[in-house]
Structure formats: C-alpha cells, structure tokens
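Read the structure below first, then the notes.
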Amino acid sequence: MFRHTKLLQFEAKPEKPDPVYAHKLQELIGGAFGEMTVTMQYLFQGWNCRVEGKYKDLIMDTATEEIGHVEMLATMVARLLEGAPATMTAEAVKDPVMAAVIGGMDPQQAIVAGGGALPADSNGYPWNGRFIVASGNLLADFRANAAAEAQGRLQTARLYNMTDDPGVKAMLQFNLARDTVHQKQWLAAIEELEADGLEGEIVPNALLDVEDQTHNNTIWGLSDGPDGPKGGWTTKAGIEYLTDPKPLGGPGTAPHPDPALYSTYSPTMDAVGTAKGKAKSVKNKLT
C-alpha cells in the first residue's frame, strides 16, 4: 500500500518561467538515469526481494522516496512552463503552442501534457522499462543502484550549472544531497551483504569451481602501448596482464544459409581467406 502525502519532500518553486530549462529538466524525469528509472528499479527490486527485513526495507524506503522525486520534478517543470509562451517569446507570435516551440519548450509539453511534465527524456523520447535493473541478486542490483545514482547525480550537477534560478538551484541542491546519500547507502549495503555471508565478491557466487581456471585471472592487453599493465588492479587483485594474447578459436565463418532465406552464398568461396582455404590452396599447389 502506498499513501500519498500532499506535500512535496522539498520545495519546487522557480523564480520565473523558463521553457528552455523545463525541456532540459525532463532528463531527470524520464531519462535512462532519471527518477522514473530509479523509482521503478527499486520498486521491482523490493517486490522481488526474497530477504525480508533490513535489505527489503532499504530498497522500498528508497523506492518510495524516488516516487516523490518524480512528483517534485514534474511540479517544477509545470511551474517553469507556467506563462512561458507569453513571457519568454516574441510578441509577434500569437499562437501559444507556436510561441512555446520558439521559446524552446518541448512542443509535446504543450500539445500532449497541457503545459506539464512528460514521462520522457530531454529529447522527448518516452521513458522505457528496459532502463531498469531488477535481477533478484541483491549484490548485482546494489552495484547497479550505486551506478544509477552516480549517473543521476552527474546529470543533476550538470543541470545545476545550466540555471541561475535560485528556486531551481535550491531544489537541485536537495536532489544532489539525496543522490549522495543514496550512493553511500548502496555501497555500504554491498559491504554488509558480504559481511552477512549472503553474497561474495563475484556475482553470482557460484560455479567458481567449474569455470575455466585458465582464464579467470587475466586481462587481455588489446590496446596499443605499454600503459595497460601499469594499473594497480594487476598487483592489488593479483591479475595477470597478457601483453600479446593470441586468439584461441578458429575462423568465425558463418554456417551455410538456409536456401529458402536467399542469402548470398558461394560454395566455391566458402573458405577463401580462412585457414581452411589456405590449407586447400597449399594442397592444390602440391598436387
């Protein structure tokens, strides 16, 4: 059960309309790392969580807070759009929708949302449920959560520097602070999962004994230059850096196509340029 409190978690009052910035602020609502993403990500992680108690409560507490962040941002967008066509565009433009377009507002904010926020990013691309990560493995999910909060805070920081409106900046200062603590909590929860013995360092903490032991402790050096092996991970994690790795498989030749699919195919050129083709060529020369 969710209960709606008719007060914002933090105030969302701009000093003046700004349709251009309202367009930009959509990224924090419906972008890949926006508040809709973390809201749904945490909700589905919480609903799918098999561990009752502190971990599930942490996930659901944060998810519910993020719903409020969507409301804050949507309110801010609507207030940034209020009166925008009349105050921010040329007087010669009489049609309010056209005025909004010229003023820099997303036209769908006027045409579709009636001067409000959209479940979309700053390009108007609709929010997509494929943005979320909810795997059922808490260690994998918490790592994804920390990354999502980092990306969200980065975008919030960039938007903070794109406005001089004190009301907008005050709300973003609050959002920056919440993104900070959310990063801290997921990183701390990752450590606690390991300390509680629920997960190990590797996700999933299984099949470590059956994986190919030759290849679970090497980095393939596939970049030019000598800098790769200088990374501290080679010594701290005891990982071997292969400076001249060789391919282990044969040619990546596609199989014969199904004739009914009419793919271009020539049996006589099947192995030209491959090890098989070169071997045939040598054999033909010898005979």
Asn128 side chain to Phe131 backbone, donor-acceptor under 3.5 Å: no
Working to the nearest 0.5 angstrom, can you tell me the gap between Met76 CE and Leu8 CG? 9.5 Å
Answer with yes or no whether the hydrophobic clustering places Leu159 together with Val70; edges join I, L, V, M, F, W, Y residues whose side-chain heavy atoms lie under 4.5 Å apart. yes
Short side-chain to backbone donor-acceptor contact, Asn123 and Tyr125, under 3.5 Å: no
Any side-chain to backbone donor/acceptor pair from Arg79 onto Pro17? Under 3.5 Å, distance only. no
Enter the distance from His182:NE2 to Asn175:CG here, rounded to the nearest 0.5 Å. 10.0 Å
Can you confirm whether Met171 sits close enough to Leu73 that some side-chain heavy atom of one is under 4.5 Å from a side-chain heavy atom of the other? yes
Does one side chain, of Glu27 or Ser122, offer a donor that lies under 3.5 Å from an acceptor on the other? yes
Identify the two heavy atoms, one from Phe174 and one from Gln9, that lie closest to each other, and give their separation to 0.1 Å. CZ-CD, 3.6 Å
So, Tyr42 versus Trp47, ring centres under 6.0 angstrom or not? no
Residue pairs meeting side-chain hydrogen bond (donor to acceptor under 3.5 Å, both in side chains), one or both in residues 221-231, sequence neighbours left out, come to Asp227-Lys230
Connected via hydrophobic side-chain network under 4.5 Å: Leu25 and Val38: no
Who pairs with Lys184 by side chain to side chain contact (heavy atoms under 4.5 Å, CB included), at least two apart in sequence or on another chain? Thr180
Under the criterion side-chain contact (heavy atoms from CB on, under 4.5 Å), I'd like the reasoning laid out for Leu248 against His215: C-alpha separation, chi angles, the key distance, then a yes or no. CA-CA 11 Å; Leu248 304 176; His215 302 289; 3.4 Å; yes
Phe44/Ile59 under side-chain contact (heavy atoms from CB on, under 4.5 Å): CA gap, chis, key distance, verdict: CA-CA 9 Å; Phe44 275 91; Ile59 299 168; over 6 Å; no
State whether the side chain of Thr39 and the backbone N or O of Glu66 hold a donor-acceptor pair below 3.5 Å, judged by distance alone. yes
Tell me the closest heavy-atom pair linking Asp141 and Ser135, and the distance in Å. OD1-OG, 2.8 Å
Given Lys54 and Leu58, is the side-chain contact (heavy atoms from CB on, under 4.5 Å) satisfied, shown in steps? CA-CA 6 Å; Lys54 60 183 180 182; Leu58 175 65; over 6 Å; no
CE/Met72 to CD1/Ile29 distance, rounded to the nearest 0.5 angstrom? 11.0 Å
Could you pull out the closest heavy-atom pair between Ala22 and Leu81, with the gap in Å? CB-CD2, 3.7 Å
How about OH on Tyr55, more than 12 heavy atoms from neighbouring residues, nucleotides or ligands closer than 6.0 Å, or not? yes
Is it the case that more than 12 heavy atoms not belonging to Phe2 sit under 6.0 Å from its CZ atom? yes
For Glu15 versus Pro166, what's the shortest heavy-atom pair and its separation? OE2-CG, 3.3 Å
Side-chain H-bond candidate by donor/acceptor type, Glu240 with Asn217, under 3.5 Å: no
Can you list, by chain and residue number, the hydrophobic cluster partners of Trp233 when the side-chain cut-off is 4.5 Å? Ile219, Ile239, Tyr241
Joint hydrophobic cluster, Leu138 plus Leu198, side-chain heavy atoms closer than 4.5 Å: yes
In Leu28, Asp165, Asn161, the residue satisfying side-chain contact (heavy atoms from CB on, under 4.5 Å) with Leu172 is Leu28
With a 3.5 Å distance limit and no angle check, can you tell me whether Thr235 reaches the backbone of Gly232 through a side-chain donor-acceptor pair? yes
With no hydrogens and no angle check, is any side-chain donor or acceptor of Lys169 less than 3.5 Å from a backbone partner on Thr163? yes
Any side-chain heavy-atom pair from Trp186 and Arg143 closer than 4.5 angstrom? no
Just by distance, no angles: are the side chains of Asn48 and Gln45 close enough, under 3.5 Å, to form a donor-acceptor pair? no
N-O pairing of Lys246 and Asp244 below 4.0 Å: yes
One thing to verify: whether Glu35 and Arg153 come together as a salt bridge, which I'm taking to mean a side-chain N less than 4.0 angstrom from a carboxylate O. no
Please check if the side chain of Gln183 supplies one atom and the backbone of Arg178 the other of a donor-acceptor pair under 3.5 Å. no
Spacing of Ile190 atom CD1 and Glu201 atom CD [to the nearest 0.5 Å]: 11.5 Å
Presence of salt bridge, Lys24 and Asp106, under 4.0 angstrom: no
Of all the heavy-atom pairs spanning Val210 and Gln213, show the shortest one and how long it is. N-NE2, 4.4 Å
Under the side-chain contact (heavy atoms from CB on, under 4.5 Å) rule, what do Tyr265 and Asp258 come out as? Steps first, then yes or no, please. CA-CA 10 Å; Tyr265 174 66; Asp258 183 338; over 6 Å; no
At what distance, to the nearest 0.5 angstrom, does CD of Glu191 lie from CZ of Phe142? 13.0 Å
Do Val168 and Leu80 come within less than 4.5 Å of each other through their side chains, counting heavy atoms only? yes
Taking atom types as modelled and ignoring hydrogens, do the side chains of Gln109 and His23 form a donor-acceptor contact shorter than 3.5 angstrom? no
Smallest heavy-atom separation, Leu118 atom then Ala113 atom, equals CD2-CB, 3.6 Å
Between CG on residue Asn216 and CD1 on residue Ile202, distance to nearest 0.5 Å: 9.0 Å
